[in-house]
Amino acid sequence: MGLNLLEKTELWINNVTLNNVNLNKVSSTVAEILKIDNQKVLVVDVRPNHITLDIMENDIPQENIIGKEKSILKALESLEGVIISDDTYIHSNGILGTICLQEENASEICEKISDMEKEIRAKIANRVIVFPTGFELKQNLIEDTNTPYLLKIFENEGFKAIKGKVIEDDLDIATFDLFDAISRGFGVIITTGGVGAEDKDWSVEALLNIDSEAAVEYIVKFEKGTGRHVKDGVRIGVGQVGESMIITLPGPNDEVKLVAPVLVSCIKNHENKYQISKKIAAILSKKLIKHQHKDLHRKI
C-alpha cells in the first residue's frame, strides 16, 4: 500500500551537529533510505542544530517510511561532517511522522494510518470556502448576494462552508488567496466574479497559475479589443490541486443560482474537473442563447 503525504512533506533532523557538510550528500542519503528519486528530496533549511528537508514525492510505499528514523540517522552519521548523538531525532507532521515509529507491528500501524488518511481526506472534502471578487464588493458599492446563497446551499447538503475575504482585482493577490485556501485545507474553493473579458477580471488566470491544466470552458466569445473586451471571451474554470477543487463562477446572481445545485451534485458524486466545467459552461451558454433569442424577437 502507498501512503499519500497529503501536503505534509517537511522532515526535521534535530540536535545534529554539522561541520562543512555536503548538503547534496545529505539529501541523496535520505532519498536512498526512502527509496525515492534523489531529485525529490531537498535540503530547504539549515540551522546550528537542525536540518529541514522537503520530500517532494507525494505517494511513497509504506514500507519505505515506517520506522526508518534509525536507518536515516545511521546513514547520515557515515557522512563526513555529520555528527549524530543520542539526542538526535527526526520529527515530521502528518503521515510522514510515521518515519519515527518502530517497525514492529507494521500491519497495525498501517491500518491506523489508513484510517487517519481517510479521516483527513473526508474532513478536507467537507470544507468549503467562497470568495467574492471585485472592487465593487471590496468598497461596499453593491451587496454580495452570491456568498450567502452558496453557503446555504452547501450547508444544506452537509458541508461546512465559510465566507472568505473579498479578493481584489489583482492577479497576484487572487493567486495567493487561492493558494492560501488550499494550504488551509479547504476541499472546495469557489470564487464568484472576475471571469469576464475586461482588464479587471483575473479569476480564471489565477486558477491557471495554480493548476496549469485546469478545465476552462468558454461561455461566450468576443472579438478581442472591441469595446471593453481585452480578452476573447467569458470563461469559467475548474481546477484540482491535491485534495482541493477550485471553481471560478461568474458574478451575476441569477447565473450562480442556476449552476449551484448542479455544482453541489457534481461534487457529491465525485465528478472530475473536466466533467464539472463542461456541465457548468453548458448551463450558462444555454441561458445566454435563450436571452439572445428573446432580444432578437424584440427587435423583430
Side-chain angles (χ1 to χ4, degrees), residues 6-8 94 116-138 140 142-169 173-195 201-204 206-207 209-211 214-217 236-281 283-284:
L6 298 173
E7 312 304 324
K8 303 291 186 181
M116 184 194 310
E117 185 176 338
K118 288 176 183 177
E119 184 179 350
I120 293 171
R121 288 181 186 274
K123 285 183 178 179
I124 293 174
N126 198 50
R127 300 184 71 220
V128 179
I129 187 167
V130 179
F131 289 106
T133 71
F135 76 92
E136 60 270 44
L137 290 172
K138 187 80 172 177
N140 295 316
I142 63 172
E143 180 185 357
D144 177 14
T145 53
N146 290 326
T147 303
Y149 173 78
L150 287 169
L151 296 183
K152 183 176 180 180
I153 196 170
F154 272 97
E155 287 169 352
N156 287 344
E157 292 295 330
F159 291 86
K160 292 183 179 179
I162 70 168
K163 177 182 178 179
K165 68 177 185 178
V166 178
I167 296 179
E168 298 182 29
D169 297 319
I173 293 174
T175 302
F176 174 84
D177 287 341
L178 294 180
F179 265 125
D180 182 60
I182 293 169
S183 68
R184 290 162 58 194
F186 287 97
V188 180
I189 302 164
I190 301 172
T191 65
T192 59
V195 300
D201 297 316
W202 295 110
S203 294
V204 175
L207 171 64
N209 275 349
I210 294 171
D211 177 7
V216 176
E217 299 283 342
I236 58 92
V238 182
Q240 184 82 40
V241 178
E243 301 298 308
S244 302
M245 180 168 284
I246 308 100
I247 305 103
T248 60
L249 296 180
N253 186 245
D254 60 333
E255 294 182 5
V256 170
K257 286 184 174 180
L258 194 61
V259 301
V262 175
L263 174 60
V264 174
S265 176
C266 288
I267 291 172
K268 292 189 73 173
N269 291 329
H270 307 291
E271 296 187 35
N272 63 41
K273 60 185 177 182
Y274 304 104
Q275 294 170 316
I276 296 175
S277 65
K278 286 185 180 299
K279 287 185 178 181
I280 292 175
I283 293 169
L284 294 173

Less than 4.5 Å apart, any side-chain heavy atom of [X] and any of [Y]?
X    : Y    : value
I190 : F154 : yes
D180 : S183 : yes
I247 : T191 : no
D144 : T147 : yes
D201 : D169 : no
D177 : K165 : yes
I129 : V188 : no
V195 : L249 : no

Could you give the distance from [atom1] ([X]) to [atom2] ([Y]), rounded to the nearest 0.5 Å?
X    : Y    : atom1 : atom2 : value
M245 : I124 : CE    : CD1   : 13.5 Å
L284 : D254 : CG    : CG    : 9.5 Å
L207 : T248 : CG    : OG1   : 5.5 Å
N272 : H270 : CG    : NE2   : 12.5 Å
L151 : K160 : CG    : NZ    : 15.0 Å
E143 : L137 : CD    : CG    : 9.5 Å

Do any N or O atoms from the side chain of [X] and from the backbone of [Y] form a donor-acceptor pair under 3.5 angstrom?
X    : Y    : result
S244 : F186 : yes
R127 : A161 : no
E255 : K257 : no
N156 : K152 : yes
N146 : V256 : no

TODO: Give a yes or no on whether a salt bridge exists between D211 and K273, defined as a side-chain N under 4.0 angstrom from a carboxylate O.
DONE: yes
TODO: Output yes when K279 and E271 qualify as a salt bridge under the 4.0 Å nitrogen-oxygen rule, no when they do not.
DONE: yes
- [ ] Evaluate whether atom OH of Y274 has more than 12 neighbouring non-hydrogen atoms of other residues, nucleotides or ligands under 6.0 angstrom away.
- [x] yes
TODO: Carefully, step by step, assess I280 and V262 under the rule side-chain contact (heavy atoms from CB on, under 4.5 Å).
DONE: CA-CA 8 Å; I280 292 175; V262 175; 5.5 Å; no
TODO: Apply the test side-chain contact (heavy atoms from CB on, under 4.5 Å) to residues T192 and L150: give CA-CA distance (whole Å), side-chain angles for both, the deciding distance (0.1 Å), then the verdict.
DONE: CA-CA 10 Å; T192 59; L150 287 169; 3.7 Å; yes
Would you name the heavy atoms of [X] and [Y] that are closest together and state the gap between them?
X    : Y    : result
S277 : A215 : OG-CB, 3.2 Å
A174 : A206 : CB-CB, 3.7 Å
T133 : S203 : CG2-OG, 4.0 Å
P250 : I236 : CD-CG2, 3.9 Å

